[in-house]
Trainee: 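The structure that follows is given in the form of structure tokens.
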There are 2 protein chains.
Amino acid sequence: MKPTHLHATEDCRAVSEVLQRIGDKWSLLVVRRLGEGPTRFNELRHGIGGISQKMLTTTLRSLERDGFVTRTVYPTIPPRVEYELTDLGRELLVPVKGLAEWALVNIGRIHQARAAYDGGIGAAA
Amino acid sequence: MKPTHLHATEDCRAVSEVLQRIGDKWSLLVVRRLGEGPTRFNELRHGIGGISQKMLTTTLRSLERDGFVTRTVYPTIPPRVEYELTDLGRELLVPVKGLAEWALVNIGRIHQARAAYDGGIGAAA
DNA sequence: CGGGATCCGTTGGGATACTG
DNA sequence: CAGTATCCCAACGGATCCCG
């Protein structure tokens, strides 16, 4: 399969769909953290920092629904729930890391462009 | 620079920031279309399809602000405005294409997982 | 401990009307 | 043609309370 073209609009919709899925506020942070191994709920919560319980639950449910993570409940007292990446989740990390490297290298350029743009707006007034 | 670790939380925030930026509903579609060459406003509008005028303007302004596209106004009657990718914008397309390929290959798996999850919910009731 | 339910402010995004 | 301005609704996301 040669991706020589991959220019069709429908294709791009699929990409856009995936991007919006993992491009929300927390998914990527959660996936990255889970990349280090199985993790419990509050472990995730504190490991990420700044995420509310509701959003962590929502994010995990979505990731589970899309087959990126598994949820394992140990019916002990108190309950213990562990989240872990599936194969799909781990595979996702590969292209994401490519984008991650790019982002790290170029985030400065983006911020510069942004500052220049905002400054230009002010100067124009 | 060996990206051996790239595991710091701050790093991931940068990635998350870029991802949310291009992960919105239209940015990627616009960038992809602009990858084919300089394009006028309504040309983009019809070429993408489904995007409102407001969102196209908003998306283009954001992309311009972040240095991904340039906006060129030809002061003719009627006015003619062309949008074009910057070097930064073209470079962005590289890692994005990696993710794009992954998405195209695996979107089916995601949809399957989703259907299975939703079905399981219903069956559990 | 790991959530579910609810309330509420913020943001995203579409439709429409108007302008240079 | 290429926007801007406005309205309005839906989704996102945080805070809080409650429950097994």
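Sequence lines set the chain letters: A, B, ... in the order given, protein chains first and strands last, and positions in each chain run from 1. Predicted, not measured: the structure shown is a model, and the values here were computed from it.
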Trainee: Just the rounded figure in Å: distance from P of C:dG3 to CZ of A:Phe41.
Mentor: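 About 5 Å, once rounded to whole Å.
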Trainee: Linking I/L/V/M/F/W/Y whenever any side-chain heavy atoms sit under 4.5 Å apart, do B:Phe41 and B:Val73 land together?
Mentor: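 Yes, it is one cluster - the side chains of B:Phe41 and B:Val73 are joined through contacts under 4.5 Å.
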Trainee: C:dC18 C1' sits how many Å from B:Gln53 CD, rounded?
Mentor: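 To the nearest whole Å, that distance equals 11 Å.
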Trainee: Please tell me if B:Lys25 has a side-chain N or O lying less than 4.0 Å from either OP1 or OP2 of C:dG14.
Mentor: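 Yes.
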Trainee: Please tell me whether B:Tyr117 and A:Leu92 are part of a single hydrophobic cluster in this structure, the criterion being side-chain heavy atoms less than 4.5 Å apart.
Mentor: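 Hydrophobic grouping puts B:Tyr117 apart from A:Leu92.
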Trainee: Using heavy atoms to find the nearest nucleotide of DNA chain C for B:Lys54 and A:Val81 separately, return the residue whose nucleotide is more 5′.
Mentor: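 Counting from the 5' end, the first nearest nucleotide belongs to A:Val81.
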Trainee: Just the rounded figure in Å: distance from P of C:dG13 to CG of B:Leu56.
Mentor: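 Value for this atom pair: 13 Å.
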Trainee: With heavy atoms under 4.0 Å as the rule, sort B:Arg61 into base, sugar-phosphate or nothing.
Mentor: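 Sugar-phosphate, backbone atoms only, no base.
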Trainee: Using a heavy-atom cut-off of under 4.0 Å over every strand shown, decide if B:Tyr74 touches base, sugar-phosphate, or nothing.
Mentor: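 Result for B:Tyr74 = nothing.
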Trainee: Pick the closest DNA chain C nucleotide for A:Leu60 and for A:Gln20 by heavy atoms, then say which residue is nearer the 5' end.
Mentor: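 Upstream on the strand: A:Leu60.
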Trainee: Kindly point out which of C:dC1, C:dG14, D:dC1 is positioned nearest to the side chain of A:Asn42?
Mentor: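 So the nucleotide nearest the side chain must be C:dC1.
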Trainee: Given atom CD1 of B:Ile77 and atom P of C:dT19, what is their separation to the nearest angstrom?
Mentor: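 Between P of C:dT19 and CD1 of B:Ile77: 17 Å.
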Trainee: I want to check one thing: is the phosphate of D:dG3, taken as OP1 and OP2, less than 4.0 Å away from some side-chain N or O of B:Tyr83?
Mentor: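 Yes, within the criterion.
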Trainee: Given atom CZ of A:Arg45 and atom C1' of C:dG3, what is their separation to the nearest angstrom?
Mentor: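 Computing the A:Arg45:CZ to C:dG3:C1' distance gives 10 Å.
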Trainee: Round to a whole Å and report the spacing from CZ of B:Arg21 to C1' of C:dG12.
Mentor: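 Interatomic distance, CZ of B:Arg21 to C1' of C:dG12: 13 Å.
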Trainee: In whole angstrom, what separates A:Met55's CE from D:dA11's C1'?
Mentor: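 Distance check: A:Met55 CE to D:dA11 C1' gives 11 Å.
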Trainee: Check the phosphate of D:dA2 against B:Arg71, side-chain N and O only, distance under 4.0 Å to OP1 or OP2. Yes or no?
Mentor: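 Answer is no, no contact under 4.0 Å.
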Trainee: In whole angstroms, how far is the C1' atom of D:dA11 from the CG atom of A:Asp24?
Mentor: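 Going from CG in A:Asp24 over to C1' in D:dA11 covers 12 Å.
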Trainee: When you check the gap from the basic side-chain N to the acidic O, do A:Arg45 and A:Glu43 get nearer than 4.0 Å?
Mentor: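 No.
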Trainee: With a 4.0 Å limit, can you tell me whether A:Arg40 has a side-chain N or O closer than that to the phosphate oxygens OP1/OP2 of C:dC1?
Mentor: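 For C:dC1, neither OP1 nor OP2 has a side-chain N or O of A:Arg40 closer than 4.0 Å.
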Trainee: Regarding A:Glu17 and B:Arg114, does a basic nitrogen lie under 4.0 Å from an acidic carboxylate oxygen?
Mentor: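 Result for this pair is yes, salt bridge flagged.
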Trainee: With a 4.0 Å cut-off on N to O distance, would you call B:Arg109 and A:Glu91 a salt bridge?
Mentor: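 So B:Arg109 pairs with A:Glu91 through a salt bridge.
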